[in-house]
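Each remark here refers to the structure printed beneath this line.
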Amino acid sequence: MKKQKYNANQIYGLMHTDIEGIDALIELALNIRWSWNHASDELWQQLDPELWEFTQNPWVILQTISRNRLEEHLADPAFREKLDGLLKANEQANSTPTWFQKKHPKTPLTTIAYFSMEYMLNEALPIYAGGLGNVAGDQLKSASDLGVPVVAVGLLYAKGYFRQEIDKYGTQNALFPYNDPGQLPITPLRLPNGEWLRIKVSLPGHPIWLRAWQVQVGRSKLYLLDSNDAANLPIHRGITDELYGGGPELRIKQEIILGIGGYRLLKALDIMPEVCHMNEGHAAFLVLERANNFMKANGTSFEEALTVTRAGNLFTTHTAVAAGFDHFSHESMEYHLGTYAKEQLGINFHDLMALGRTDANNRSESFNMAYLAIRGSGGVNGVSRLHGEVSRTLFNNLFPRWPVEEVPISHVTNGVHMPCWDSKYADEIWTESCGKDRWRGELDDHSAHISKLSDEQLWQFRTKSRNRLVGFIRQRFERQAIVSGLPSEVVGIANQVFDPDTLTLGFARRFVPYKRPDLLLQDPERFVRILTHPEHPVQLVLAGKAPPFDESGKALIRKWVQFIQEHNLYKHVLFLSDYDIMLAESLVQGVDVWLNTPRRPWEASGTSGMKVLVNGGLNLSVLDGWWAEAYSPEVGWALGDGQEHGDDPAWDAHEAAELYEILEQQVVPEFYARNKKGVSESWVERMRKSMAILTPRFSANRTVREYTEDYYLPGAINYKKCAARKGAKGKRIVSAGHDLKNKWDTIQFGRVEIESERQKHHFKVVIWLKGIDPKHIQVELFAEGLNGEASERIKMTFDWLGEDGAHNFYAQANTSRPSDHYTVRIVPSYEGISVPLEDNLILWQY
Ligand SMILES: *Cc1c(COP(=O)(O)O)cnc(C)c1O
């Protein structure tokens, strides 16, 4: 890669671009690798300790600092040496062969374009709300580590998601501080001739201009679009102000910008991804624009272009309830995209709507973005094993008459970017046992190394980590107590709250009813007894935002704040305001036990619990999301019976009682059972197992490798095949599909003859195919699985053609099951088609 040179014209709002050596600092500050490789922290701290502490944003420091101070530091040989060392290390990191280069040297996959509504990368770039952004950010960082060629696309929000303040009564207030783009670690995206790249998208009444920005994330790039361009109508300039703000009318505009504008941005940069990955349905309009591009370039129809390009699209769904998918009304779709459908895609509006409906002709059915994403993808996945199952049920309606287990949605379980979430103490201990590059390659051999760490070492690691957290909590609470106007007695004890040797629990997440953040308050007296036990006390730190207009979520926060006040529990329980990435980091690095209490199966994956793994924290959670597949008795604690109980209050009470009991009978006694050296041996053993077994499995490194090998590589190959020779194969697929569909309803089943022997049945079936090429279908025997096992499918072979034109198929089933367990069915099976994802026809014999 050519070394990038910066000058005043390129850099937004930077004063001192002519000082010798500044280039190096700029390069470091603008690559947010500093958010997971803390090697440069010391430099920024030297330049401005106070700004560094409050902002953690090197770019703000470079913008704020005086010329003298900068010159002074850059003239200091020790500072320069450190700086040069860091640059060299970065260059080396960029040039070392990566996992992807080594493992997949000869692949047609050159680029994956990743689309997401939000990215959680660092506090300095607040364009995220929570879990979804976390997944996007962590995977982007891991892609950089592994060398997987991802370019990411998103939106730059002037205000992002709301910031939380909690008043002394426990009421959440939403604040929207403005993100000055000049102070964010981003640069305007300029073309080689210096022109600031602007993308045009049509909205009714006026074209809208989108400004393009660039974020360097290690080796990867993230491109952002915003609508605050001076050339836009005032009504359009604020479209990208807030993340998840406003109503559906604003949302559809944002999603048009993300999907259609985002794809155009890639085109303007000559980036031609083989694979486009949609992180949730928000980006699904890219399906249309990608097909639009192919169609124009190759002179195909829209349908052919969609068939070709969908082979290279991947959709990841993150929602566990049907109400969670974005959908837009017929009127809104017509207003915003009616002209686009007609003039750009060359299809009528009805055909566009059909892509987002279960019933194309139902005018009252809104347009579902997840349906578009599924119909426009060659692969679909959920984000945990359980969520894969849940998603197959949720989308069964798109595959009528198909058994739910065959709904073509599998799963890739989320993971987190370990180098981001590990504390400096964790970094030390992992480096000692597994080496510096442990998160870059395949992670399988870690458990042996971690097992070698001594009990004392692990316990000390835990103690130091908790200690640091207590210091952080005290500082943060003092500030918060003063700002929210708590009585001076409370402010006065801020430096005594919490205790460095007390078992520390953490709970932080969105405050919404399904997460049941108040489960521990079902029996307040019992919980107070647990907290204030004279010999074996417990402390709990909480954080989380309620959606700004969700009164039930806000009430849950108030409930906790009032509980703390009423029982004067400040020394044992605190609610810290404004849950964000910085706060999350401190919590997951310090707590002993991370709690999670969702109603199964509504937590699609959850990621916060994965962040404690690398730091030696343990999980106590409902068997939902990732924990349903991670849990075993040796690594943590499980709540519930692994079944679904809806929102039954009696079940909530039952699970609360179980939670108290686990704390009283297991967690607390185990933590305080100390040997002569003051170490809890069983606790340490659990830590060791959790770290060794779970950290590699729930690392974003594993997630990204799985996406790469299971989806990106095959997707790229399929797409290339379909796209070759101006989409020749895509055209054949469309024509075979039409032919089949037209004749499908005329297929007739004749007799089924069965001859049974011991452990064996011979099936013969006669079918009138009415002109359908037998090569375009598959006839199979199907039997439902017994006792939760997978169903059986046995392919029947075309045996002979009768004089009357009847096709005779035959199969033998070697089984002890009775023959009437088997049903004959016909499914499509023509060139390169993925059934039932791309063609959902099916015909049953009965
Ligand atoms: C990790 C994280 C989340 C997502 O965690 P869940 O377990 O999905 O609730 C949300 N917000 C922040 C700030 C995080 O760090």
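Side chains are part of it too, since the values below use all heavy atoms of this structure and drop only hydrogens, waters and symmetry mates. Position 1 is the first residue of the sequence; numbering continues from there. Since we're looking at a predicted model, the values are computed, not measured. Every number for a ligand or one of its atoms is a count from 1 in the order of the listing.
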Could you pull out the N/O contacts under 3.5 angstrom between ligand 1 and the surrounding protein atoms?
| unit_1 | atom_1 | unit_2 | atom_2 | d |
| --- | --- | --- | --- | --- |
| ligand 1 | 7 (O) | T607 | N | 3.1 |
| ligand 1 | 7 (O) | S608 | N | 2.8 |
| ligand 1 | 7 (O) | S608 | OG | 2.6 |
| ligand 1 | 8 (O) | T607 | N | 3.4 |
| ligand 1 | 9 (O) | K515 | NZ | 3.4 |
| ligand 1 | 15 (O) | K611 | NZ | 2.6 |

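- Evaluation of the side chain to side chain donor-acceptor pair (under 3.5 Å) rule for S632 yields no partner, not counting sequence neighbours.
- Around CZ of F549, the count of heavy atoms belonging to other residues, nucleotides or ligands within 6.0 Å does not exceed 12.
- With sequence neighbours excluded, no residue satisfies ring-ring contact (aromatic ring centres under 6.0 Å, His included) with H38.
- Listed by chain and number, the residues in a side chain to side chain donor-acceptor pair (under 3.5 Å) with Y157 amount to none (sequence neighbours excluded).
- Between F115 and Y223, the gap from one ring centroid to the other reaches at least 6.0 Å.
- Between W637 and W683, the ring centre distance stays below 6.0 Å.
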